[in-house]
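A short write-up of the structure that comes next.
Along the sequence shown, residues are numbered consecutively beginning with 1. Numbering of ligands and ligand atoms starts at 1, following listing order. Only this structure's heavy atoms are used, side chains among them; waters, hydrogens and symmetry mates stay out.
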Amino acid sequence: MKATAIRVDINSPLDPKSGKILDEWRIKEAVKSLKKYEGVPVVVMAHQGRPGGEDFTSLVEHARVLRKYLEQTEFVEDIIGPTARVRIKELNEGEILLLDNVRFLSEELLEAPPEVLATTHFVQRLAPLFETFINDAFATAHRGQTSLVGFSEVLPSYAGPLMEKELSSLNKVLLNPELPVIFLIGGAKAGTKLELINHLLNNKKTEKVLASGFIGHFFLKAKGIRLGEATEKRLKNGELLNLAKTILKQHGNAIEVPIDVAVNKKGERTEIQVQSLPSEYEILDIGSETIDSYNSIIQSAGTICINGPAGYFEEKAFAHGTEQLITTIAESRAFSVIGGGHLSVVAMKLGYYDRIDHVSTGGGATLAYLAGEELPVIEALRRAYQRDGREFLF
Ligand code: 3PG
Ligand code: MG
């Protein structure tokens, strides 16, 4: 029996000193998928970091963690060489072989259309050893890289279980949501997130946007409120400020901004009203009145999607806003989706992970999907389904 190849995303935060994996979340999600292929020989392909980055390493640690949950996991320090190919051919039913970081191959990062990537040594050497290709790497669906879109050109290909759950959950938010739909947008990546808000409101995908984090700061500043240099030094991008102003002009009624904030006064959380700004201290969270007001909007929602923390949640004193919002979302009756890695950590810590309908494993991929972008991996899968006369339901 030939092996089934599965591309997963187990790109994980690493401790820069020890190289140990700091958060096993994506690996655990991959384990749930891998369990569905028990009884067949499975070859797992994945990446870690980017060339030149501190976290660009071998997957040997990932294999160690995988083995905790699936003891039949083996690792080979090779991708397309003879060692890997011999092991793939010998693989028995029920065995799992993790290949090394696919980004070690320069061909992984070639910029070319899928049909060209299908002619790489990478695909040409491995594809004949595989029965089918499963793409389960939703978190990398916004990349058109060889392992992500090349194999589906030449092999019968399927969306994996996590890919299906990601797409059906995000589609439920975007295409047939229970109304009203509320988006909570916080955190950094202000450019991407302001574009997302603009897209959602222009396309009537949400009734309300509750802004916090840097996004909240940009909107406050766009309303002419002076926040103080300690906060504004991080908001120097004039283009983003103009975008925030445009969004407010067109959709002002749909955007909720903080009415009070928490600043870091010499290490202490101190709440102040937005009317009393500017402050010489940096704003690191939303305040209690904002939390109450956002909570009551959340309680009336039919669908909730939250992306990005409300404040500097890494520090206990400023995690309050984020934790309160996640708690209300978990306890609400609405269909709820968390996008992005930081908030999954918070939901897990609070014991609410399983009370959120879907915790997306994607960062950039989730934002791009919500913003209506065509993702190369989804396109490649759609083409493969059509080629084989199967219906692609996403
Ligand atoms: C991620 O963590 O965002 C994904 O694994 C994609 O990684 P990339 O941004 O390096 O392509
Ligand atoms: Mg990324």
Could you tabulate the donor-acceptor pairs under 3.5 Å formed by side-chain atoms of residues 190-199, not counting sequence neighbours?
from: Lys193; atom 1: NZ; to: Gly186; atom 2: O; distance (Å): 2.8
from: Lys193; atom 1: NZ; to: Ala188; atom 2: O; distance (Å): 3.3
from: Asn198; atom 1: OD1; to: Asn202; atom 2: ND2; distance (Å): 3.4
from: His199; atom 1: ND1; to: Asn203; atom 2: ND2; distance (Å): 3.2
from: His199; atom 1: ND1; to: Ala371; atom 2: O; distance (Å): 3.3
from: His199; atom 1: NE2; to: Ala371; atom 2: O; distance (Å): 3.4

Residues 151-160 side chain polar contacts: donor-acceptor under 3.5 Å, at least two apart:
from: Ser152; atom 1: OG; to: Val149; atom 2: O; distance (Å): 3.4
from: Glu153; atom 1: OE2; to: Arg383; atom 2: NE; distance (Å): 3.2
from: Glu153; atom 1: OE2; to: Arg383; atom 2: NH2; distance (Å): 2.9
from: Ser157; atom 1: OG; to: Leu155; atom 2: O; distance (Å): 2.7

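Near Asn11, meaning under 4.0 Å from one of its heavy atoms, ligand 1 places the atoms 1 (C), 2 (O), 4 (C), 5 (O), 7 (O). Near Arg50, meaning under 4.0 Å from any of its heavy atoms, are these atoms of ligand 1: 8 (P), 9 (O), 10 (O). When each atom of ligand 1 is checked for a heavy atom of Asp9 under 4.0 Å away, the hits are 4 (C), 5 (O). Shown in contact with Arg143 at under 4.0 Å from a heavy atom are these atoms of ligand 1, numbered in order with element: 8 (P), 9 (O), 11 (O). Contact atoms of ligand 1 toward Arg103: 7 (O), 8 (P), 10 (O), 11 (O) (distance under 4.0 Å to a heavy atom of the residue). Within ligand 1, counting atoms from 1 as listed, the ones closer than 4.0 Å to a heavy atom of Ala139 are 4 (C), 6 (C).
For the pair His47 and ligand 1, the shortest N or O to N or O distance falls below 3.5 Å.
Salt-bridge formation is detected for the pair Arg382/Glu379: a Lys NZ or Arg NE/NH1/NH2 atom is positioned less than 4.0 Å from an Asp or Glu carboxylate oxygen. Salt bridge annotation for Arg64-Glu61: present, with a cationic side-chain nitrogen under 4.0 angstrom from a carboxylate oxygen. With respect to Arg390 and Asp388, a salt bridge is recorded, a charged nitrogen being found less than 4.0 Å from a carboxylate O.
Heavy-atom contacts from other residues, nucleotides or ligands closer than 6.0 Å to CZ of Arg387 number more than 12.
Residue contacts with ligand 1 do not include Gln145, since none of its heavy atoms lies under 4.0 Å from the ligand.
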